[in-house]
Amino acid sequence: MRSSVLDRLDLSRAAFGWIALYATIIGAWVILFAVTAEHATRLPLEWLGPGMRWLGPLLPAAWQSGGLPPLLAALCLSGPGAGDGSPLIVFHMWALMSLAMMLPTALPVMAAYRDMTAGNNELMPSLGLVAFATGYILVWLGFAALASAGQVALAGAGLLDPGGRLGSGLAASLLIAAGLYQLSPIKAMCLAHCRSPVMTLMARWRAGLGGAVRMGLGNGLYCLGCCWALMLLAFVGGTMNLVWMGIATVLMALEKLPRIGRPLTLPLGIALVSAGAMLLVSLMASPQG
């Protein structure tokens, strides 16, 4: 009986890391949904980005009381979608986007790390996984700081609409740049590491909690090399566009899978370049162009 209780206790401790990880992902998506719901009550849906028109009627219904809890409402007071709020508010939005969108793409490497440390007496159950995830998250918080600074600068220059989207000319240039990066050797190198998590971890193995954080940082940098350009397409789809966030998350997660990702990267790059080129052509052909 005592052995059974201890076994269950060990299992619950081993699951703690995964529970914390999934709770972070779900919590980030819930908060993003909540903030978007509030914006949907104050902005025309077309400002929130493509695809939000059909999703829009569902959003205000999420808040029967007519508003957000005070803690979440602070994210909505100054219109962080366009970047005209405080830099701290905009940073919080980018941090939430990074957690919600990038943590799911890192689940395979985190599973590989947890399997490789199973039964390791040097680490308490799940602490290694939490430390690894912490290193990974730190990288993306750094990205969020840079992206939010860029958003505030673009908004200050009048280059973003209230939904956090660039004008057509700059959006087309960003699409083409992201598509070309898809085809670059740097992207290919980073994807090779992300698609072989076990080999990557074995080649850069570090013991202990400090080592787990360092490996998480290293993996986060490879992940950043894979996904930074696609993440910046938020300035095309809209920084408050849940539809874009969901599609981008799925694409980035699939791209890191060996069998699915290899045939996906090239067509995605071509599609982005083509979309940018078509947008430029339409601008030049328009009377205002």
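These values consider heavy atoms only, across backbone and side chains, with no hydrogens, waters or symmetry-generated copies. Each residue takes its place number in the sequence, starting with 1.
- With Y113 contributing its side chain and P108 its backbone, the two residues share no donor-acceptor pair below 3.5 Å.
- How far CD of Q151 is from CH2 of W94: 6.5 Å, rounded to the nearest 0.5 Å.
- Ring centroid separation for the pair W244 and F235 does not come in under the 6.0 Å cut-off.
- Between S98 and A144, the closest heavy-atom pair is OG-CB, 4.1 Å.
- Under the 4.5 Å side-chain heavy-atom criterion for grouping Ile, Leu, Val, Met, Phe, Trp and Tyr, F132 is connected to M202 within one hydrophobic cluster.
- No single ILVMFWY cluster, assembled from side-chain heavy atoms under 4.5 Å apart, contains both I270 and L264.
- Taking the side chain as every heavy atom from C-beta outward, L180 and V273 approach each other to under 4.5 Å.
- Across C223, C227, C194, a single residue satisfies side-chain contact (heavy atoms from CB on, under 4.5 Å) together with M252, and that is C227.
- Two residues are said to be in side-chain contact when any heavy atoms from C-beta on lie closer than 4.5 Å; Q182 and L230 meet this criterion.
- In this structure, CG on L232 lies 12.0 Å from OG1 on T239, to the nearest 0.5 angstrom.
- Using a 4.5 Å heavy-atom threshold, the side chains of L170 and V236 count as separate.
- Between L175 atom CG and S274 atom OG the span is 10.5 Å, to the nearest 0.5 Å.
- Here the closest non-hydrogen pair linking A234 and M97 is CB-CE, 3.9 Å.
- In terms of hydrophobic clustering, with Ile, Leu, Val, Met, Phe, Trp and Tyr side chains grouped at heavy-atom distances under 4.5 Å, L138 and L96 are assigned to a common cluster.
- Using a 3.5 Å distance cut-off with no hydrogens or angles, the side chains of T265 and E255 do pair a donor with an acceptor.
- Summarising the geometry, atom CG belonging to L224 is positioned 9.0 Å from atom SG belonging to C226; distances are rounded to the nearest 0.5 Å.
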Subject >> Residue pair L279, I176: steps toward the side-chain contact (heavy atoms from CB on, under 4.5 Å) verdict >> reply: CA-CA 10 Å; L279 184 54; I176 292 172; over 6 Å; no

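- For an aromatic pair to be called close, the ring centres must be under 6.0 Å apart, and W29 with Y22 fails this.
- Judged purely by atom type and a 3.5 angstrom limit, N219 has no side-chain atom pairing as donor or acceptor with the backbone of M215.
- Using bins of under 30°, 30° to 60° and over 60° for the plane-to-plane angle, the ring pair F143/W140 lands in the perpendicular bin.
- You'll find the side chain of L257 reaches within 4.5 Å of the side chain of L254, heavy atoms only.
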Subject >> Steps toward side-chain contact (heavy atoms from CB on, under 4.5 Å) verdict (R262, R195) >> reply: CA-CA 9 Å; R262 287 191 178 95; R195 288 171 180 164; 3.3 Å; yes

**OP:** Take V281 and M278, measure what side-chain contact (heavy atoms from CB on, under 4.5 Å) needs, and give me the verdict at the end.
**Re:** CA-CA 5 Å; V281 170; M278 290 172 62; 5.6 Å; no

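- R204 places none of its side-chain heavy atoms less than 4.5 Å from the side chain of R214.
- Residues L21 and L107 are in side-chain contact: their nearest non-hydrogen atoms beyond the backbone lie under 4.5 Å apart.
- Under the 4.5 Å side-chain contact rule for hydrophobic residues, L183 and M231 do not share a cluster.
- Residues V109 and T200 form no side-chain contact, since every pair of their non-hydrogen atoms from C-beta on lies 4.5 Å or further apart.
- Under the 3.5 Å distance criterion, the side-chain polar atoms of S184 are matched with a main-chain donor or acceptor of K187.
- Within a 6.0 Å sphere centred on CE of M189, heavy atoms belonging to other residues, nucleotides or ligands number more than 12.
- If you take CG on L233 and CG on L166, they are separated by 10.0 Å, rounding to the nearest 0.5 Å.
- With S173 contributing its side chain and G169 its backbone, the two residues share a donor-acceptor pair below 3.5 Å.
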Subject >> Worked check of side-chain contact (heavy atoms from CB on, under 4.5 Å) between L32 and M245 >> reply: CA-CA 10 Å; L32 286 173; M245 293 180 203; 3.8 Å; yes

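- Looking at Y181 and I186, their side chains come closer than 4.5 Å, going by heavy atoms from C-beta outward.
- One finds the CG atom of L201 at 10.5 Å from the CE atom of M110 (value rounded to the nearest 0.5 Å).
- No continuous path of ILVMFWY side-chain contacts below 4.5 Å connects Y136 to Y222, so the two sit in separate hydrophobic clusters.
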